[in-house]
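Here's the structure, in structure tokens; my notes come after.
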Amino acid sequence: MTAPIVDKATVAQVLRDISLLLQLQGENGFRSRAYDMGADRILGLTQDLGAIVSEGRLESLPGIGPALAEKITELVTTGRMTYFEDLRAKFPPGLLELMKLPDIGPRKVAALWKELGIGSVEELEAACREGRVRELKGFGAKSEAKILEGIALFRRARGERKLLGDVLPLAEALLERVRASPGVVRASLGGSVRRRAETVSDVDIIASAPDAGPVLDALATSPGVATVLGKGDSKCSVRMEAGDLQVDLRVLPDEDFATALHHFTGSKAHHIRLRNLGHERGMKISEWGVHRDDGTKLPVKDEAALYALLDMQFVPPELREDNGEVEAARAGTLPTDLVTMEDVQGAVHAHTTWSDGRNSLEEMARAAKAMGLKYLTITEHSEAAIYAGGLKVDALKRQWEEIDRVNEAVPGMRLLKGIEVDILESGALDYDDQVLEQLEVVIASIHVRHSMDEEQMTRRVLTALDNPHLHILGHPTGRLLQSREPYPLRMEDVLEHAAKRGVAVEINGKPARLDIKAEYVRKATQLGVKLVVSCDAHRQEDLGNLSYAVATARRGWARKQDVLNTLPAERFLAALRAGR
DNA sequence: GCCGTTTTCGGCCCGACTGTTTTCAGTCG
């Protein structure tokens, strides 16, 4: 197997850029969409791209035909793509950035460039200030003002997506406000927030009410709204002061709620698949309902009814990414017992004031009990993590005494004695076996020395997995969303070895980690690797991170039986030991 | 550019909103 010179993300980016450049050229929109769909497909791969390329299997992927396969192969094996380079050379480099501006698409960019020679954001800004843009057909004075606003916004936000964990609480608060508005029958979040994507760009809310007006007003006048971007008969868009977050609200008659909710939940790729299936059955699916070709409207009371019309199982929102869920739902093989928050009996991975946490053992115990949990694994940092107040062995043993005391003081909650032990550079763990064997829960994680090459890092983790006292591999890829790449690691080898050694793998629910990610969750379950959902809590509020870990597990198709901390404490501990 | 249990050619999801328009094009989701 030849190691790919470029990774999946790079391939996907090149394909997306090609799509934009083709649109700029005025090519057939379906041709450009083919590149977009190819990008989605590559990004969603769980298998090694280098292996697929070297084995000539690209064309077996849906949406990838001979043309894309040849171009991707060239890029992966040589690091270059002649077609892309030639295409890109036809335009000034700033043109792609222009398309990231709001309300500016390929047609307008093409007109600005051809008529006014505008090839960058700076040139567009100058032309707007000089009133030259309004001379163009299709543009006016308002367009100039809006473009200038858009440029200012673009520079502030830099188009960054936001962490789900930063957006969801605000989204749920706005949803409650909408729910409480006059006449609202049903209301739900939609979009990537409802699908629990790792990062989101905006918030969608869908509501049903006999009269949309008061509901739209409720959003427009919500506290924290900076600007009302647009407001019509059924839709209102606002921008929040916090984080330049855009919120879109649609309000419809209740009979259209289910199809609208489904439409605005997406993903786009999933939705297009369903519309095509509907088409084959003589049905037209839109946000305004399902219509037969003769125009009669079919009643759809909820999303389950919509899937039933297509002879499919219901697909939970977290799975709607066109990653095989459409085929599985048609075949009836989609798992119906995906893990839920209610299934989780205990929280894994918590720190306290003993190392770098903010709350005491007892405070954490009471907070976990208040959430309805039965146990919590206390896993402080080990000695090598000096920056995080890692415990020396004698401190660790003193902590056991306090854990015993808290367990008596807080009935109905059990703190389990554990550690998040550092994986040293050699792959050895930071405590001796005699210490580790006395612990109920041993998580091992990497915190230092990230800059090893793939071979060294993989060997380091595989060595750690061989330790007979290890139960759980913690945040295995080390990534931090939007700030740190995963360290170079052959994850397939790691997961295979974890399966062989009976070590469980953590799904870390900290919103900036979500590690392992959904694609690897799915791979892990296929390999028979057991999982734990964790909160990586450093204060009592962080216990809620568990829900993001559950969401990630669901996105990776994990069922209740795949997740060990759905078991009661004794059986959880037995399962951790049984693996070894 | 991709795809095919009615097609190897002719399709490819669909509607709201905005601004510049007197009937529509572009963008967005």
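The model shown is predicted, which means the values in this text are computed figures rather than measured ones. Side chains included, hydrogens not; waters and symmetry mates left out as well; all remaining heavy atoms used. Letters A, B, ... are given to chains in the order of the sequence lines, protein chains preceding strands, and every chain is numbered from 1.
In this structure, S234(A) reaches the dC17(B) phosphate: one of its side-chain N or O atoms is under 4.0 Å from OP1 or OP2. Taking side-chain N and O atoms only, S32(A) has no distance below 4.0 Å to OP1 or OP2 of dG1(B). Side-chain nitrogen and oxygen atoms of R250(A) include none within less than 4.0 Å of the OP1 or OP2 phosphate oxygen of dG15(B). For K71(A), a side-chain nitrogen or oxygen approaches OP1 or OP2 of dG1(B) to under 4.0 Å.
Between G232(A) and K142(A), the residue anchored closer to the 5' end of DNA chain B is G232(A), taking for each the nucleotide with the nearest heavy atom. The 5' end of DNA chain B is approached more closely, in terms of each residue's nearest nucleotide, by G230(A) than by the other of P106(A) and G230(A).
Here L22(A) lies out of heavy-atom contact (under 4.0 Å) with every strand. Base engagement by N28(A) is indicated by at least one non-hydrogen atom pair under 4.0 Å involving a base atom. Within 4.0 Å of I147(A), counting heavy atoms only, lies no atom of the nucleic acid at all. K137(A) comes within contact range of no nucleotide atom at all, as no heavy-atom separation falls under 4.0 Å. Across all strands, A111(A) comes closer than 4.0 Å to no nucleic acid atom at all (heavy-atom distances). Using a 4.0 Å heavy-atom criterion, one finds that R31(A) contacts the bases of the nucleic acid, with or without backbone contacts as well.
Between dG29(B), dG1(B), dC14(B), one nucleotide has an atom nearer to the side chain of Y35(A) than all others, and that is dG1(B). When the nucleotides dC17(B), dG19(B), dC14(B) are ranked by their closest atom to the side chain of R275(A), dC14(B) comes out on top. Among the nucleotides dT27(B), dG1(B), dC13(B), the one closest to any side-chain atom of K268(A) is dC13(B).
Taking atom CG of residue L68(A) and atom P of nucleotide dC2(B), one finds them 5 Å apart after rounding to whole Å. As a whole-Å value, the separation of L229(A) CG from dG19(B) P is 11 Å. Atom CD1 in I104(A) sits roughly 12 Å away from atom C1' in dG19(B) (whole-Å rounding). Going from atom CG of L20(A) over to atom P of dC28(B) covers 11 Å, rounded to whole Å. We find that NE2 of H271(A) is positioned 17 Å from P of dC12(B), with the value rounded to whole Å. Between the CD atom of E59(A) and the P atom of dC2(B) there is a distance of 8 Å, given to the nearest Å. Rounded to whole angstrom, the span from the CG atom of L87(A) across to the P atom of dG1(B) amounts to 11 Å. Rounded to a whole Å, the NE2 atom of H263(A) is 10 Å from the P atom of dA16(B).
Nucleotide dG4(B) forms a Watson-Crick or G-U wobble pair with dC9(B), both donor-acceptor distances falling under 3.5 Å.
Under the 30°/60° scheme for interplanar angles, the aromatic rings of H262(A) and Y307(A) are found to stand perpendicular.
Only the C1' atoms considered, dG10(B) is 24 Å distant from dG15(B), to the nearest whole Å. Nucleotides dC17(B) and dT21(B) are separated by 14 Å at their C1' atoms, to the nearest Å. Rounded to whole Å, the C1' atom of dC28(B) lies 14 Å from the corresponding atom of dC13(B).
Just one residue in the list K268(A), H270(A), H271(A), R273(A) forms a side chain to side chain donor-acceptor pair (under 3.5 Å) with D322(A), and that residue is R273(A). Of the candidates T10(A), D17(A), L15(A), D17(A) is the only one forming a side chain to side chain contact (heavy atoms under 4.5 Å, CB included) with Q13(A).
In terms of heavy atoms, F139(A) sits closest to V133(A) at CB-O, 3.4 Å.
For the pair L319(A) and L338(A), the minimum side-chain heavy-atom distance is below 4.5 Å.
Put simply, the side chain of N276(A) gets close to the backbone of I272(A): a donor and an acceptor are under 3.5 Å apart.
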